[in-house]
Amino acid sequence: MITKQDCQQINDYIWEIPTGFKEQMNVPVWIFADEELLEEALKDLSVTQAVNVACLPGLAGHVAIMPDVHQGYGMPIGGVMAAKVPDGIISPGAVGYDINCGVRVLASQIDYNSAKPYLSDLATSLYRNCPSGVGEKGSIPLSADELDKMCRQGAKWALEQGYAEAEDLSRTEEFGCLEGADPGSVSKRAKDRGRGQLGTLGAGNHFLEVDVVEEIFDPQAAEIMGLYQGCLVIQIHCGSRGFGHQICTDYVQDFQLAVINYGIQLPDRELVCAPINSKEGQAYLGAMKAAANFAFANRQALAYHARRSFAEVFGSPEKPLRQVYDIAHNMAKIETHKINGEEMTVCVHRKGATRAFGPGFEGLAPEYQKIGQPVLVPGSMGTESWILLGTKANDELSFGSSCHGAGRVMSRSKAKKEIRGDRLRKDLEKEGINVRAGSMPGLAEEAPKAYKDVNRVVETVSHAGIAQKVARLRPVAVVKG
DNA sequence: ATGTAC
């Protein structure tokens, strides 16, 4: 059991567990949290898992955990780990089962007050146009060749197919396409599962949400992003569906052997990994990129469906839904960072954490090179969400990373036992939130009280200096599987 | 997160 006494306070929002805490630790753990969120983080296995991650070979700097952290498979959700390239490792469990799970925000210039009478119709239309739930019903089916092409090209494929605007791609992380995706490293089983799932929402914490821009903190950045106070935006939270899930399953299994072959000592079997430059490591990287591109194309297809719904309900708007950004929060990427004063190439594993690069980064659209990368932080269902900007200072603090959401505090099983979905739906509707959900137990799992306070999480990242506030959003319609 | 069990 790790306690507060084991954490050395660096400042009001950063705590360190030094390498001396456990003999096998190779780097320290940094916890981004205020006192209350630190206590929250210590209640489950989050910090223990972060310490386990810090025992992996070939790491750089420290392991970082975000204020929305909670325990996950091997590595906590809300964790960031940088492995040295070429001497370090890559770990599927440190990316997560939902490869390139992420969030996309599109903004409108439709005023909430005038749209209010139509929000129920909008929610119904979104629920109808965006297939949801476990499985593959109602998707855009692909041939084997077409699936491979889509995996190589990501959102570029979606643009060719007519599901995207050119600006969507310029406002997507990596422009919606990771180079080097290798469909040859993806199992037939994963492809069979993925073929029929493009353009589907899935279940669990995936959702569509219509919000109103409630408060703007950085008018210049909001203007550039296309966010207007009092206007509607839509958030899309989804990933690589059964395709990425199967790829993670396959490589977690394959790597059990790699760990033995390369003589890697593991603190936890769930942290199986392989040297990044080994044939196993490269195969996973190629497959992970294929899943990442699947997810970019998937969110693009969902954006296409969302635009159809807005057009159905509001007519063809003279000012269309414009993409703000699309961001990944389960991914491993090769990047260069300044670590303990030294420029290093590392494989940054972000699991339930986002990239949050500051101004000047060339991999952004020109208008975002000026202000920094947008960071999209959805709150729990029925609570606020945030749009932030990455900073320059976060390079040395968190490998250019920030938080990804509110963070779960109650297990899915406990939430299902304690909360009635139909009651929750009524409560949300009473607050003026239109709810369309395929599963009432599924809705209960996502109840606001199963999550931390997203506003406190955002206060923490902003005071810690890893992201800054641009706008707060308030939900008015939620669509779930 | 997930054809929630190959």
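In what follows, chains are A, B, ... by sequence order, proteins preceding strands, each numbered from 1.
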Between A:Val346 and A:His337, is the side chain to side chain contact (heavy atoms under 4.5 Å, CB included) condition met? List the steps.
CA-CA 7 Å; A:Val346 286; A:His337 289 282; 3.9 Å; yes
First of A:Arg189 and A:Cys101 reached from the 5' end of DNA chain B, by closest nucleotide:
A:Cys101
Starting from P on B:dT2, measure out to CD on A:Gln197 and report it in whole angstrom.
8 Å
Using whole Å, report how far CG of A:Asp250 lies from P of B:dC6.
12 Å
Tell me what A:Gln253 touches on the nucleic acid: a base, only sugar-phosphate, or nothing, going by heavy atoms under 4.0 Å.
nothing
Please step through side chain to side chain contact (heavy atoms under 4.5 Å, CB included) for the pair A:Glu173 and A:Lys333, ending with a clear verdict.
CA-CA 12 Å; A:Glu173 183 168 339; A:Lys333 314 248 297 256; 2.4 Å; yes
Atom OH of A:Tyr97 and atom C1' of B:dA5: how far apart are they, to the nearest Å?
14 Å
Determine the contact category for A:Arg412: base if any of its heavy atoms lies under 4.0 Å from a base atom, sugar-phosphate if only primed atoms, P, OP1 or OP2 are that close, otherwise nothing.
sugar-phosphate
Counting heavy atoms not belonging to A:Tyr73, are there more than 12 under 6.0 Å from its OH?
yes
Taking DNA chain B as the partner, which of residues 240-247 of chain A come within under 4.0 angstrom of it by heavy atom?
A:Arg241, A:Gly242, A:His245, A:Gln246
Crowded around A:Lys156 NZ? As in, over 12 foreign heavy atoms under 6.0 Å?
no
When the aromatic ring centroids of A:His62 and A:Phe399 are compared, is their separation below 6.0 Å?
yes
Step through it carefully: locate the ring centre of A:His70, locate the ring centre of A:Tyr451, and say whether they are under 6.0 Å apart.
no
Please report, rounded to the nearest Å, how far the P atom of B:dT2 is from the OH atom of A:Tyr73.
17 Å
So what does A:Gly239 hit on the nucleic acid, given a heavy-atom distance under 4.0 Å: a base, only sugar-phosphate, or nothing?
nothing
